[in-house]
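A quick write-up on the structure given underneath.
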Amino acid sequence: MSNNILNFDKFIEEKEEDFITVTVYGVDYKVKKFIPAVVPIMMARADRAKTDVEKSKLNTNMVMYSMDALFGPKAVDEICSKGLETKELTTLVSKVFAMINGKYEDEDDETEEISDDDNMVEKSGGKAKK
């Protein structure tokens, strides 16, 4: 018998799952501790985009797909129905990615509070704008 078959399902079954807890609007969500595959795929597509409009659309789609992959569509609908704004959605996904990658540590506590300052964008001339 030839070894020309790759059983990737077996690899996936044997993979240990690790989770983090993300609290949004007072509700704890159990999120798998991995970056969804859609992220690097969408980043590569955005890099190949020919126009800024196309790049922006691909980056927006990446955030939306990532949110669904991290939390699941039902939880995303629940979170968004409570008034989550677009800039907060982007911040939430970024903070979850940082936590997954071990780049976020709060020395005093294992929780993080997201403020309006997290949504500031550096503009030319050193001024920040929301």
task: Report the residues that fulfil side chain to side chain donor-acceptor pair (under 3.5 Å) with Y29, sequence neighbours left out, ordered by chain and then residue number.
output: E78
query: Mind checking what makes side chain to side chain contact (heavy atoms under 4.5 Å, CB included) contact with I41, not counting sequence neighbours?
result: R45
Scan the side chains in residues 66-77 for donor-acceptor partners under 3.5 Å anywhere in the protein, sequence neighbours excluded, and list what turns up.
unit_1, atom_1, unit_2, atom_2, d
S66, OG, M62, O, 2.6

- request: Check whether M43 and V93 end up in the same hydrophobic cluster, where Ile, Leu, Val, Met, Phe, Trp and Tyr are linked by side-chain heavy atoms less than 4.5 Å apart.
  value: yes
task: Output all residues satisfying side chain to side chain contact (heavy atoms under 4.5 Å, CB included) with D28, sequence neighbours left out; order by chain, then residue number.
output: T21, T23
- request: Name all residues meeting the side chain to side chain contact (heavy atoms under 4.5 Å, CB included) criterion together with N7; count only those two or more places apart in sequence or in a different chain, and write none if there are none.
  value: D9, K10
message: Holding to ring-ring contact (aromatic ring centres under 6.0 Å, His included), I want the full list of residues that pass it with Y25, two or more places apart in sequence or in another chain.
response: none
message: Once rounded to the nearest 0.5 Å, what's the spacing between atom CE of M99 and atom CD1 of I20?
response: 5.0 Å
Identify all side-chain donor-acceptor contacts of residues 46-57 below 3.5 Å with residues at least two apart in sequence or on another chain.
unit_1, atom_1, unit_2, atom_2, d
T51, OG1, E54, N, 3.0
E54, OE1, K50, N, 3.2

- line: Those residues at least two apart in sequence (or on a different chain) that pass salt bridge (Lys or Arg N to Asp or Glu O under 4.0 Å) with K32 are E17
Gap separating the CG atom of L92 from the CD1 atom of I79, nearest 0.5 angstrom: 6.5 Å
message: Taking the side chain as everything from C-beta on, heavy atoms only, tell me whether V27 gets closer than 4.5 Å to K82.
response: yes
query: For residues 32-64, which residue pairs qualify under ring pair (Phe, Tyr, Trp, His ring centres under 6.0 Å), counting only residues two or more places apart or in two chains?
result: none
message: A side-chain contact here means heavy atoms from C-beta on lying under 4.5 Å apart; do M64 and T60 qualify?
response: yes
Qualifying ring pair (Phe, Tyr, Trp, His ring centres under 6.0 Å) pairs with a residue from residues 74-99, counting only residues at least two apart or across chains: none
- prompt: Which value, rounded to the nearest 0.5 Å, describes the distance between N101 atom CG and K33 atom NZ?
  reply: 9.5 Å
